[in-house]
Structure formats: structure tokens, C-alpha cells
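Data block below; observations after.
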Amino acid sequence: MKPLNSYIDHTLLKATATKENIIELCEEAKKHQFHAVCVNSCYVSLAKHHLKNSDVKVCSVIGFPLGSMSTEAKVAEAITAIKNGADEIDMVLNIGFLKSKDFDAVWKDIEAVKACIPHGILKVILETCYLEELEIIKASELAIQSGADFIKTSTGFGTGGATIQDIKLMKSVCKSCVKIKASGGIKNAETALEYINLGIERIGTSSGIAIVEGTSSSSNY
């Protein structure tokens, strides 16, 4: 297994996050050698500046947290994030379109964002807490067909986060062709290792320090 810290996208997505909070997040990520920081798109350039000369990547969320923005809005946000230095994009799938069974609209939404970042990493957030089992399977299939590099469980802002059952469902669809990111409610090393042993490749959490130091966190994400 890779070192635990290398799985972690160190995350701060609260509406109240200040510039000082983002700078602190970056310093923590450098200190613990996390894979990436995950921030709202308005803070991409700030994070990029404070992570220069480090191996820590910058991940920007897109269409966050609802996923219900127009495709044009998501594309514009993604283009700006990449221009400002984002290495990876975590976009929220359009859950309403999925539940409406407008599958063409779902995959076209994802495909349009992927087209903006042909050389970057795209993770598609399914927000599994709102989906039935068959919807999780279908959402995973659509994301994979649309060029996603990862499928991701949750925003951390829904009614629930990652679960073992959801990861197993996603894993049954993606096999080895696409990776999985678990997020939402992962607060300690025991939980993180449980997901890693199921085959996930990345963990989104604001509790990264607690995870690598073997403590616990009260954070929701």
C-alpha cells in the first residue's frame, strides 16, 4: 500500500473559508505531503501560489455542491480554474437530470467539462446519499462513458457521505478502468484504511491531519 498521506485530498470547501484558512490548508498539505488540496474555484490561484515548488496538486470543485448549474456555467468555471492553475477538477453530476432519466443530458454535461481539461484529472461526484442503488450504478456508468478519471462518492454537503456499500457498487462498475475517490465522513485512519482496502485511490477529507497522525476529528467532511 502507498503511504496514507498520498491518498489524501486535503479539503476546505466551507462558505466561510477565508484566504488565511486556505493558506493554512496549503501549509498543512506541504508539511504532511498530501496529494492535493481541494478548494472552491475562487481560491485556485491563491492555493497555486502557496504550493509552488511543492508536489502538492491543486484540485478545484466545479458546480459545487448542487451540480444543478447549467453545463455552460460548469464549463466556464472549469476553464477559469484550469487557467488559474488547477491540476484536477471535481465536478458534481447533475442529480436532477439523472433522476429524471435524462441520461443524455448527464453524460453531455460531464463530457463538456472533460473537454476543457484533456490533460487534467476529472473526478465526477455522484452524491450517493441521494441515489438508489440502480442510480449509483447508472451514474457510475455515465461518468465512465463520458471520460471521467475518477468517480467520487460525495460532496460532504449532502445528507450523508461515503459508505462501504456505495463503494462496492461503484467498484463493481468501474473495475480497473476508472479510479474511485471516497469522501464525506472519513475522519480517522481506521475508516480511511477500510476504504483503501476496498480499492479506492483517493480520499477527500478535511481530517487529513487526524488521519495521518492516528487521532480523530469532529469535522463533517
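Residues take their numbers from the sequence shown, with the count starting at 1. Predicted model, so just to flag it, every value in this text is computed and none were measured.
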- Query: With the threshold set at 4.0 Å, does a side-chain nitrogen-carboxylate oxygen contact exist between D149 and K123?
  - Reply: no
Report task. Could you tell me whether N21 atom CG has more than 12 heavy atoms of other residues or ligands within 6.0 Å of it? Result -> yes
On a heavy-atom basis, the closest approach of F97 and A105 is CD1-CB, 3.5 Å
Minimal heavy-atom distance between I62 and A81, with the atoms involved, is CD1-CB, 4.3 Å
* Asked: Side-chain contact, heavy-atom cut-off 4.5 Å: I110 with L122?
  -> yes
Rounded to the nearest 0.5 Å, the CG atom of L169 sits from the OG1 atom of T153 at a distance of 12.5 Å
> Any side-chain heavy-atom pair from T163 and I167 closer than 4.5 angstrom?
Replying inline: no
Short side-chain donor-acceptor distance under 3.5 Å, E201 and H35: no
Which of parallel (below 30°), tilted (30 to 60°) and perpendicular (above 60°) describes H10 and F34? tilted
**OP:** Examine distances only and state if a side-chain atom of S154 and a backbone atom of G156 form a donor-acceptor pair shorter than 3.5 Å.
**Re:** no
Exercise for review: Give a yes or no answer on whether the side chain of S100 reaches the backbone of G96 with a donor-acceptor pair at less than 3.5 Å.
Suggested key: yes
Check: Within 45° of the ring axis of Y43 and under 6.0 Å from its six-membered ring centre, is that where the NZ or CZ of K19 lies?
Finding: no
Margin query: Salt bridge check, K30 against E27: does any charged N sit closer than 4.0 Å to a carboxylate O?
Written below: yes
Has K48 got a side-chain atom pairing as donor or acceptor with G85's backbone, closer than 3.5 angstrom? yes
* **Heavy-atom side-chain contact between D109 and L93 under 4.5 Å** => no
Side-chain donor or acceptor of N84 paired with backbone N/O of V44 under 3.5 Å: no
Taking every heavy atom of N94 against every heavy atom of V106, the minimum-distance pair comes out as O-CG2, 4.1 Å
Quick one: does K74's side chain have a donor or acceptor within less than 3.5 Å of a partner on V92's backbone?
yes
*Taking the side chain from K99 and the backbone from Y130, do they hold a donor-acceptor pair closer than 3.5 Å?*
yes
Here the gap from L142 atom CG to I137 atom CD1, rounded to the nearest 0.5 Å, amounts to 12.0 Å
Self-check item: Residues, nucleotides or ligands: over 12 heavy atoms within 6.0 Å of E213 CD
Solution: yes
* L46-V56 co-clustered via ILVMFWY side chain contacts under 4.5 Å -> yes
One should read off an interatomic distance between S183 OG and D90 CG, to the nearest 0.5 angstrom, of 8.0 Å
Notebook entry, point to check: Are any of the side-chain heavy atoms of L131 and L98 separated by less than 4.5 Å?
Noted result: yes
| task | Evaluate the criterion side-chain contact (heavy atoms from CB on, under 4.5 Å) for residue pair I164 and L198; output intermediate values, then yes/no. | result | CA-CA 8 Å; I164 295 297; L198 286 174; 3.5 Å; yes
Interatomic distance, CD1@I82 vs OG1@T80, rounded to 0.5 Å, equals 10.0 Å
Next item on the list: Mark yes or no for whether E135, through its side chain, and E132, through its backbone, hold a donor-acceptor pair below 3.5 Å.
Entry: yes
### Query
With no hydrogens and no angle check, is any side-chain donor or acceptor of E77 less than 3.5 Å from a backbone partner on G63?
yes
CZ (R202) and CD1 (I180) are apart, to the nearest 0.5 Å, by 13.0 Å
### K168 with E133: basic N within carboxylate O range, under 4.0 Å
no
In this structure, CD of Q145 is separated from CD of E111 (nearest 0.5 Å) by 10.5 Å
*Residue pair L126, V124: steps toward the side-chain contact (heavy atoms from CB on, under 4.5 Å) verdict*: CA-CA 6 Å; L126 310 186; V124 176; 4.2 Å; yes
*asked:* Looking at S146 and W107, would you say the former's side chain and the latter's main chain have a donor-acceptor pair under 3.5 Å?
replied: yes
More than 12 heavy atoms from other groups under 6.0 Å of NZ on K171:
yes
A182 and Y195 have their tightest heavy-atom pair at CB-CG, 4.2 Å
Original post:
Linking I/L/V/M/F/W/Y whenever their side-chain heavy atoms sit closer than 4.5 Å, directly or via other members, would V212 and L12 fall into one cluster?
Top reply: no
Of all heavy-atom pairs linking N40 and L13, the shortest is ND2-O, 3.2 Å
Tell me, with the steps shown, if C59 and V37 meet side-chain contact (heavy atoms from CB on, under 4.5 Å).
CA-CA 6 Å; C59 173; V37 296; over 6 Å; no
In short, I211 meets A189 closest at the heavy-atom pair O-CB, 3.4 Å
* Is it true that a side-chain atom of T205 and a backbone atom of I186 form a donor plus acceptor pair closer than 3.5 Å? -> yes
**Asked** With the threshold set at 4.0 Å, does a side-chain nitrogen-carboxylate oxygen contact exist between D9 and K57?
**Response** no
#### Entry: Test side-chain contact (heavy atoms from CB on, under 4.5 Å) applied to L4 and L193, step by step
CA-CA 8 Å; L4 193 52; L193 289 169; 4.2 Å; yes
> I121, I203: one ILVMFWY side-chain cluster at the under-4.5 Å cut-off?
Replying inline: no
Same apolar cluster (I L V M F W Y, side chains within < 4.5 Å links), V39/V113: no
- Query: Shared ILVMFWY cluster between F150 and V61, side chains joined below 4.5 angstrom?
  - Reply: no
Checklist line | Pair D166-T128, side chain to side chain donor-acceptor pair (under 3.5 Å): steps then yes or no | finding: CA-CA 7 Å; D166 291 345; T128 52; 3.0 Å; yes
